[in-house]
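As structure tokens, the structure follows; a few thoughts come after it.
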Amino acid sequence: MASVNVSEAEFMVVAHAAYEAHAHGDTDSAKVLDKLARKINAALSNETTSRATPFARVTKPASWKDMPSTLDREG
């Protein structure tokens with residue numbers, strides 16, 4: 001599996017692109033971008049929680065399926 005370093009700012013760009021594609025009726029692109037944004041979100045979440053403390057209880061890493069869709073945001 002490939003590994004890529006991605007920042008929160010880059011996640012926001014992908015999430016916004018998914019939302020914009022959806023808003024303009026491009027549902028195929030919106031779904032792909034949403035899935036990619038959710039994968040980035042899960043990776044960022046897992047990285048943050050894994051560095052929290054060495055004594056933290058080990059939990060199952062978050063899956064991209066556990067992340068909220070970027071297409072469902074309000075406002």
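Just so you know, these numbers come straight off a predicted model, no measurement behind them.
Under the 4.5 Å side-chain heavy-atom criterion for grouping Ile, Leu, Val, Met, Phe, Trp and Tyr, Leu36 is connected to Phe11 within one hydrophobic cluster. Residues Leu44 and Leu33 share a single hydrophobic cluster, defined by chaining ILVMFWY side chains whose heavy atoms lie under 4.5 Å apart. Val4 and Met67 end up in different hydrophobic clusters when Ile, Leu, Val, Met, Phe, Trp and Tyr side chains are linked at under 4.5 Å.
Atom CG of residue Asp34 and atom CG of residue Asp72 lie 7.5 Å apart, to the nearest 0.5 angstrom.
Scanning both residues, Thr70 and Ala37, for their nearest heavy atoms gives CG2-CB, 3.7 Å. When all heavy atoms are compared, the tightest approach of His22 to Leu71 is CB-CD2, 3.7 Å. For the pair Arg38 and Ser69, the tightest heavy-atom approach, listed with the atom from each and the gap, is CD-CA, 3.9 Å. What you find for Val14 and Ile40 is that their closest heavy atoms are CG2-CD1, 4.2 Å. The minimum heavy-atom distance linking Ala42 with Ala62 is given by the pair CB-O, 3.8 Å. The minimum heavy-atom distance linking Asn41 with Pro68 is given by the pair ND2-CD, 4.2 Å.
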Side chain to side chain contact (heavy atoms under 4.5 Å, CB included) between Lys31 and Lys35: does it pass, once the steps are laid out?
CA-CA 6 Å; Lys31 287 178 184 179; Lys35 184 176 179 179; over 6 Å; no
